[in-house]
2 protein chains.
Amino acid sequence: MSKYEKTCLIRGDGGRAIRGILDRIGDKWTVLVVATLHGGRMRFGELLTRIPGVSQRMLTRTLRHLERDGLVGRTVYAEVPPRVEYELTDSGRTLVEPAVMLAEWAIENNPGIEASQKDYDERGQGDSSP
Amino acid sequence: MSKYEKTCLIRGDGGRAIRGILDRIGDKWTVLVVATLHGGRMRFGELLTRIPGVSQRMLTRTLRHLERDGLVGRTVYAEVPPRVEYELTDSGRTLVEPAVMLAEWAIENNPGIEASQKDYDERGQGDSSP
DNA sequence: CTGGATCCCGCGTGATACTG
DNA sequence: CAGTATCACGCGGGATCCAG
């Protein structure tokens, strides 16, 4: 029995666990937030700046979800100009590793995948006309 | 510089690569299909049976996407009762490994995450009433 | 058996404006 | 600066019917 079959992604739960995680990190911003936060604790505005394209709303949502999951810690400073800082929890940090695995795979395979897509798309058009 | 910073998920592309992959495997069925297909080549109906809850439409869609990405191979047998078999390509197989990483993480951390969620949700309710 | 076509709903996502 | 509220849109994804 291989290592894969042991873990095998789908267990008795029909893949509930893995699906739960994928629902979480599969959304548009979670991974980028975690990745950015991996650089260290930082405040809301900084995240907003560092993550290109994210909206306030989405950043807030994502952070709340991560907080709820116990992957990100939130610290509010009772100051006149409000300051809130976020940081990965220990749990959150453990997520970075598998995420990096995936990222490495992604970076390595993206060219091939895009090529394959292009190939696939072109083939679909030019096969019926001689 | 740590290994993470080297790969760092967000590169010059602002996370395009990783986001591309996440868009792919982040959908509801891709990972389960890949995981199931990791058990060996099998036909459409078999996948439909093995993956609980997936609809015909979604299975077809997912397989098409994976095929387009070059992660899954599709073989059609010109028989009277149509038979189509799917199997992971070499590229597809390389995806299994990082996916398993994630799955292991998911299975290991799911309990903690769900506990954290429950905790978070309860805290939100009972803090204002003395 | 395989899988395309259609209809339909809910939710994720984003733009904008407002509050503390 | 941090966060919420509201609205509007598009797409994922399920059910169902039809075709080769």
Side-chain angles (χ1 to χ4, degrees), chain A residues 14-16 19-33 36-37 41-69 72-87 120-121 124-125 127-128, chain B residues 14-16 19-33 36-37 41-69 72-87 120 124 127-128:
Chain A
R16 273 237 336 282
R19 279 300 325 290
I21 296 305
L22 284 171
D23 279 349
R24 209 174 328 272
I25 72 166
D27 69 30
K28 214 169 176 182
W29 303 109
T30 298
V31 171
L32 293 191
V33 169
T36 305
L37 236 31
R41 123 189 312 234
M42 62 189 73
R43 46 194 302 184
F44 188 85
E46 202 172 347
L47 283 167
L48 206 56
T49 305
R50 291 219 197 187
I51 303 176
V54 71
S55 64
Q56 258 190 10
R57 171 186 162 83
M58 280 304 108
L59 182 53
T60 303
R61 269 170 144 295
T62 305
L63 287 168
R64 283 288 176 287
H65 287 154
L66 286 169
E67 190 193 353
R68 190 172 102 104
D69 294 345
V72 159
R74 182 168 178 266
T75 312
V76 183
Y77 296 87
E79 296 176 359
V80 181
R83 183 159 63 104
V84 182
E85 290 190 346
Y86 296 89
E87 65 180 335
Y120 183 96
D121 294 344
Q125 307 168 349
D127 62 346
S128 49
Chain B
R16 273 237 337 281
R19 280 300 327 290
I21 296 305
L22 284 171
D23 279 350
R24 208 174 329 273
I25 73 165
D27 69 30
K28 212 170 175 180
W29 303 109
T30 299
V31 171
L32 293 191
V33 169
T36 305
L37 237 32
R41 122 190 312 236
M42 63 189 71
R43 46 192 303 183
F44 188 85
E46 202 172 347
L47 283 167
L48 206 56
T49 304
R50 290 219 197 187
I51 304 176
V54 70
S55 65
Q56 264 189 7
R57 170 187 160 83
M58 279 303 109
L59 183 54
T60 304
R61 268 169 145 285
T62 305
L63 287 168
R64 283 290 174 286
H65 287 154
L66 286 169
E67 190 192 353
R68 191 173 101 103
D69 294 345
V72 159
R74 182 167 178 267
T75 312
V76 182
Y77 296 87
E79 297 176 0
V80 181
R83 183 159 64 102
V84 183
E85 290 192 344
Y86 296 89
E87 65 180 336
Y120 183 97
D127 61 347
S128 49

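Here is the naming used below: chain letters follow the sequence lines, and residue numbers restart at 1 for every chain. The structure presented is a predicted model; accordingly, all values stated were derived computationally and were not measured.
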Sugar-phosphate, base or nothing in reach of Y86(B), heavy atoms under 4.0 Å: sugar-phosphate
Residue closer to the 5' end of DNA chain C, G45(B) versus W29(A) (nearest nucleotide): G45(B)
Touch class at under 4.0 angstrom, heavy-atom based, for P82(B) against every strand present: base
Nearest-Å distance for atom pair NZ/C1', residues K28(B) and dC9(C): 13 Å
E85(B) and R43(B) ion-paired at < 4.0 Å: no
Nucleotide range of DNA chain D lying under 4.0 Å from chain A heavy atoms: dC1(D) to dT6(D)
D23(B) CG - dG12(C) P separation (whole Å): 15 Å
Sub-4.5 Å side-chain heavy-atom contact between T30(A) and L66(A): yes
Nucleic acid contacts of residues 56-63 of chain B, taken as heavy-atom distances under 4.0 Å to DNA chain D: R57(B), M58(B)
Pairwise side-chain contact, V84(B) with T75(B), heavy-atom cut-off 4.5 Å (strictly under): no
From CE (M42(A)) to CD (E87(A)), nearest 0.5 Å: 10.5 Å
I21(B) CD1 to R24(B) CZ distance, which is reported to the nearest 0.5 Å: 4.5 Å
Pairwise 5' ranking along DNA chain C for V80(A) and V54(A), keeping only the more 5' one: V54(A)
Side chain to side chain, R64(A) and Y120(B), heavy atoms closer than 4.5 Å: yes
Inter-residue atom distance T60(B).OG1 - L48(B).CG, 0.5 Å rounding: 8.0 Å
Within-4.5 Å side-chain heavy-atom neighbours: L63(A) and F44(A): yes
Five-pair end axes of the helix from dC1(C)-dG20(D) to dG20(C)-dC1(D) and the angle they enclose, rounded to 10°: 40°
L37(B) versus Y86(B), closest heavy-atom pair with distance: CD1-O, 3.9 Å
Min side-chain heavy-atom separation V33(A)-L59(A) under 4.5 Å: yes
Stepwise salt bridge (Lys or Arg N to Asp or Glu O under 4.0 Å) test for R68(B) and D121(A): CA-CA 8 Å; R68(B) 191 173 101 103; D121(A) 294 344; 2.4 Å; yes
H65(B) NE2 to dG4(C) P, straight-line distance once rounded to whole Å: 11 Å
